[in-house]
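Every chain is numbered from 1 and lettered A, B, ... according to where its sequence line falls, protein lines coming before strand lines. The basis for the numbers below is simple: all heavy atoms, side chains too, and nothing from hydrogens, waters or symmetry mates.
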Amino acid sequence: MSAAKRHRGQDGAGRASDGDGFVRSYYGEAGPGGRALMDEQRRRLPAFRHRLQLLYAVETHATTIVVGEPGCGKSTQLPQYLHEAGWAAAGKAIACTQPRRVAAAMLAQRVADEMGVELGTAVGYSVRFSDASDAQATRIKYLTDGTLIRECFADPLLSAYSVVMVDEAQDRSIATDMLLALLKKIQRKRRNDLRVVVSSATLDAERFRAFFGEEDSAIVSIAGQLHPVDTHYLAAPCENYLSATVDAVARIHEQEPPGDILAFLPGKDDILAAVSQIEEMAGGDGRLVALPMYAGLPPAEQKAVFDPAARGTRKVVFATSVAETSVTVDGVLYVVDCGLVKQRVLDLATGLDHLVTQPTSKSSARQRAGRAGRTQPGKVYRLYTREAFDSQLFPQHSTPEVCRLPLAPMVLACKALGIDNLVRFDYVQPPPPALLAHALAELAGLGALDAQTGALTPDFGLYLAELPLDPPLGACLLNSVRRFACAREAVAAVAMLSLGESPFVVPGGKRAEALEDRRDFAAQEGDVLTAVNVLVGYQDTPPRARAQWCRAHYLDARLLDQASRISRQLEAHLARIGYSRDALRSSCSGSDASRLQRCLASGLFANAARRDAADGTRYRMVRGGSVVDVHPSSVYFSAETRPEFVVFATAMVTTRAYMQGITAIDPKWLTELAPHYFSVS
DNA sequence: GAGCACTGC
C-alpha cells in the first residue's frame, strides 16, 4: 500500500471522517479471473464502441459534449479511456464531477475496482467530509461539482487537471452551470490546453455546444442500452391525479404480467396516502406491496425499496422525483407518471421561497419513462392526454436553478474568484436580472459587498465566501467571533440550521412522549437556542452512548452526527481565517443568551417579523409586510405566548408561508444592527 | 392551528 493518505478527514478533527459508509466494493477482491470478467464487461458497454471517436473528439476539440443514456458507461469508462490514452501523464489528473456525493464515491469505487487499484491511490474521490484522494498519486478523481468550485479558490486555473468532465450536466443545478461557465472562462483566458467534457442527456446537447462555441466543440452520441418503452396516455384529462395514480396501479396489478411498478407523485403526503390506499385495497393478501420513497424518508425505510419483492408478489414504489435520477429501483417494468413535480421558486415580490406543484418538463417525462426500460421492454402510463403533453403546458426543459433560486451563494463565490461583473458574466443561461439584483442587495446588506462598488469587502465578504454556509448563516458565524463573543454557541446554531431539518423524530404511537421530552431542550428564546441545547447535549454524551441517548430523547442520531461534523468543519475554517483561539472559544453559556440572539439577528435581520396586532398568532414581515406563520415544528407552535418580534432562518410557502428556525429578538437590535435596512419608527 | 421537492460546499 502506498503512502496515500486515504480517507483523511477535512474537518480538522484529526480522524477519518468518512463515516457515511456509502462506498462499497462492487466486485470485492477481484482475483485474476475477476479482472478478466471485468474487462469483458467493460468491452460490452455501449461507450466502448465509441472509444476512439471520444478520444479523437477530446484530442481535437477544446470541449466535447457526450450524450448518452444512463448505463451506457460514460461516467465510468470515459475517464479510464482518457487515462489509458495518456491524458493523466505529466502529473496532471482527470477530474469527473457529479452533482451528488454518493454518486462520486460510488463511481470512484467502481473505477478503482475495474482498474485493480485501491481506492484513494490512482483512483480517488473528494466530497465534503470525505477525501479519498492523493495529490501526487491520484490520476482519476471524482468530485462533486461544488468541491471542484472550491478547488478553484486555491487553484483558479485548475492547473492540477488536464481534463475536466462535468457529468450529469442536464441537472442544471447552480453549481453545474457555474462550473461550466468557469471552465469556459479558464479555457479562453489562460489554459487553451484544458479539455472539457460535458456529459448530458440527449436534449440539452445543442445548448451546451452553443455555449462552448460550435467551432471549439464536438458532440458524440452514445447509443443507449435502454429497452423500448410503450407509452400510454389518457383519453381525457383526469380529475384527481392521486386517485388516477392509485387506479392505474391497481389496473396494472390486475391485468399486466409480473413486474414491479414505479409511480411518480409530487410529494410526501400524496405518497403516504397512495401507499395506504393500496394497502387497504389489496386487503392484506400480500400480492401487491406498496412502498414509499422520498428524500426525507429515514434511510432504513428507503432501503426497503431496493429489496426484491417476495415470490409471487408485485412491488409498487410511490416516489417523488428522487426516483428520476438520484435513486434507481431495479426491476421496474411499469411506470405511472402523474406528470407533476414540486419545485422551489423564489418569489421576488415577497422574498419568500415557494414550493409549487407544476407540470414536469418533457425531458423529465422521458427520463421517468426510461425507468421502465432498464432491464427489458416496459410500459409507461402518463396520466394526462397526448395533446397536453405536446402542448406548451409541458415545457421542453425544467427551469434551471439559476432562473428560480436565490443566487447570493453563487454571486459570492464568483466575486471570490475575481468575477466582478455578474451582469455580463458568460452564463450557460443568464439568470433574470431581478434575481441577480436581489442577491447583490442581500450581500450588500450583510456587509459582504461594498454597497458603492459592489466589490467583496476584504475583511468580511472574502471570509464569508470561504465558509460552506448560506450567506446569512455565515454572517452570523463571523459576527459571533468579531462582535458578540459567542462563537461556541453560534457554531452549534448555524451547524444545526444548515441541516435544514428538525432533529426531532416523532415516532408513530409515541407522539405524546416525544413531544413531552422535547420540552427538556426547549428554550424560551426559540428554536435555534433549542437546537443549540440539543447539539451540546449530544456532544457532551460520550460517543459510545450517543445512539442510546438519541433514542431516549427522540432525536435523529444521523442528523446530529452530521451537525457535529459540520461544526468541526466550521471551527477549522474559522481557525484558518486566522481568528485567535480565545475568540473561537468565546461563549455566552450560562451568562447572557441575548448575545447569541443578537448575533443571530445580525445575519437574519432581513427575516424579521412582528406578531400581528389583530391576530395574535400570525406574524408579518417587518419589511414588506407579508404574512408568515409559525411552522408546526417550532417550539412556539404550541407555546402559550409568542414573542412579539422574531427572526427566522427560513420560510417556505406551501399551504401557508411557514417560518422555521425562529428566534425571539428585541426590535431595538434591528435598527442597531442593520440601520441601512430598517428606518426607525 | 397542523406540516418540506431536491441538492451541495
Side-chain angles (χ1 to χ4, degrees), chain A residues 10-11 97-104 126-131 143-154 168 171-179 264-272 293-297 319-327 340-345 353-358 360 364 398-399 401 404-405 409-410 412-413 416 464-471 473-474 494-495 498-502 504 506 511 515 562 565-566 569-570 572-573 615-618 629-634 636-639 642 650-661:
Chain A
Q10 291 178 306
D11 53 9
T97 71
Q98 297 292 317
R100 285 164 281 278
R101 316 169 68 225
V102 185
S126 178
V127 299
R128 190 183 190 185
F129 301 127
S130 183
D131 183 356
L143 323 81
T144 46
D145 29 31
T147 305
L148 191 58
I149 290 173
R150 296 275 151 171
E151 285 194 4
C152 288
F153 286 11
E168 309 283 353
D171 222 65
R172 302 302 308 280
S173 64
I174 288 176
T176 309
D177 270 20
M178 181 176 157
L179 185 58
F264 287 96
L265 285 167
K268 175 182 166 182
D269 281 356
D270 291 325
I271 286 166
L272 296 180
M293 180 73 212
Y294 49 90
L297 196 67
T320 61
S321 47
V322 265
E324 218 173 281
T325 49
S326 309
V327 170
L340 296 170
V341 65
K342 274 192 203 182
Q343 268 199 335
R344 200 182 126 197
V345 180
D353 274 335
H354 286 241
L355 203 56
V356 291
T357 304
Q358 56 192 31
T360 63
S364 283
S398 318
T399 313
E401 286 184 0
R404 59 182 168 86
L405 295 187
M410 183 197 74
L412 197 56
L464 200 61
E466 293 267 330
L467 295 172
L469 290 169
D470 273 343
L473 296 184
V494 301
S498 69
L499 291 175
E501 47 188 317
S502 164
F504 292 105
V506 183
R511 198 182 151 76
L515 292 177
Q562 173 83 352
R565 288 201 271 170
I566 294 173
Q569 191 192 28
L570 295 177
H573 272 285
D615 180 336
T617 62
R618 314 192 83 178
D629 288 300
V630 175
H631 190 274
S633 69
S634 168
Y636 292 134
F637 186 72
S638 52
R642 291 178 175 178
T650 57
M652 181 85 90
V653 184
T654 52
T655 51
R656 286 172 156 197
Y658 284 112
M659 43 181 181
Q660 286 186 283

Query raised in the report: Rounded to whole angstroms, how far apart are CE on Met293(A) and C1' on dA5(B)?
Result: 13 Å
Query raised in the report: The side chain of Ser633(A) lies closest to which of these nucleotides: dG3(B), dC9(B), dT7(B)?
Result: dG3(B)
Query raised in the report: What is the distance, rounded to the nearest whole Å, between atom CG of Asp353(A) and atom C1' of dC6(B)?
Result: 13 Å
Report summary line: Quick note, Pro632(A) side chain, CB onward, closest among dG8(B), dC6(B), dG3(B) is dG3(B)
Query - Shortest side-chain distance from Arg101(A), nucleotide among dG3(B), dA5(B), dG8(B) - result: dG8(B)
Query raised in the report: Between His573(A) and Pro468(A), is any pair of side-chain heavy atoms under 4.5 Å apart?
Result: yes
**Report entry** Value in whole Å for how far the C1' atom of dG8(B) lies from CD1 of Ile149(A)
**Finding:** 9 Å
Report task. Report the distance from atom CZ of Arg404(A) to atom P of dT7(B), rounded to the nearest whole Å. Result -> 13 Å
Report task. Assign Ala295(A) to base, sugar-phosphate, or nothing according to its heavy-atom contacts below 4.0 angstrom with the strands shown. Result -> sugar-phosphate
Requested in this report: Report yes if some heavy atom in the side chain of Thr147(A) is under 4.5 Å from a heavy atom in the side chain of Arg128(A); otherwise report no.
Outcome: no
Requested in this report: Considering just the side-chain nitrogens and oxygens of Ser173(A), establish if one lies under 4.0 Å of OP1 or OP2 belonging to dC6(B).
Outcome: no
Report summary line: Separation of dT7(B) atom C1' from Arg150(A) atom CZ, nearest Å, is 14 Å
Requested in this report: Please check the phosphate of dC6(B) (OP1 and OP2 only) for any side-chain N or O of Ser326(A) closer than 4.0 Å.
Outcome: no
**Report entry** Side-chain N or O of Thr655(A) closer than 4.0 Å to phosphate OP1/OP2 of dG3(B)
**Finding:** yes
Query raised in the report: Does Arg150(A) reach the side chain of Thr144(A), with side-chain heavy atoms less than 4.5 Å apart?
Result: no
Query raised in the report: Atom CE of Met652(A) and atom C1' of dA5(B): how far apart are they, to the nearest Å?
Result: 7 Å
Query raised in the report: Under 3.5 Å, is there a donor-acceptor pair between the Glu324(A) and Ser364(A) side chains?
Result: yes
**Report entry** Arg128(A) CZ - dT7(B) C1' separation (whole Å)
**Finding:** 12 Å
Report task. Under 4.0 Å between any heavy atoms, over every strand shown, what does Arg100(A) touch: base, sugar-phosphate, or nothing? Just pick one. Result -> sugar-phosphate
Report task. Name the nucleic acid region contacted by Thr144(A), choosing base, sugar-phosphate or nothing; use a 4.0 angstrom heavy-atom cut-off, strictly under. Result -> sugar-phosphate
Report task. Using only heavy-atom distances, decide whether a donor-acceptor pair under 3.5 angstrom links the side-chain of Arg344(A) to the base of dC6(B). Result -> no
Query - Nearest-neighbour nucleotide for the Tyr294(A) side chain, dC9(B), dG3(B), dC6(B) considered - result: dC6(B)
Requested in this report: Give Phe637(A) one of three labels, base, sugar-phosphate or nothing, depending on what nucleic acid heavy atoms sit under 4.0 Å from its own.
Outcome: base
Query - Nearest listed nucleotide, side chain of Tyr658(A), among dC9(B), dA2(B), dA5(B) - result: dA2(B)
Report task. Figure out the NE2/P separation between His354(A) and dA5(B), and round it to whole Å. Result -> 16 Å
Query raised in the report: Heavy atoms, side chains only, cut-off 4.5 Å: are Ser498(A) and Ile566(A) in contact?
Result: yes
Query raised in the report: Are Thr320(A) and Met293(A) close enough that some pair of their side-chain heavy atoms sits under 4.5 Å apart?
Result: no
Query - Closest-nucleotide 5' rank along DNA chain B - winner of Leu469(A) and Thr654(A) - result: Thr654(A)
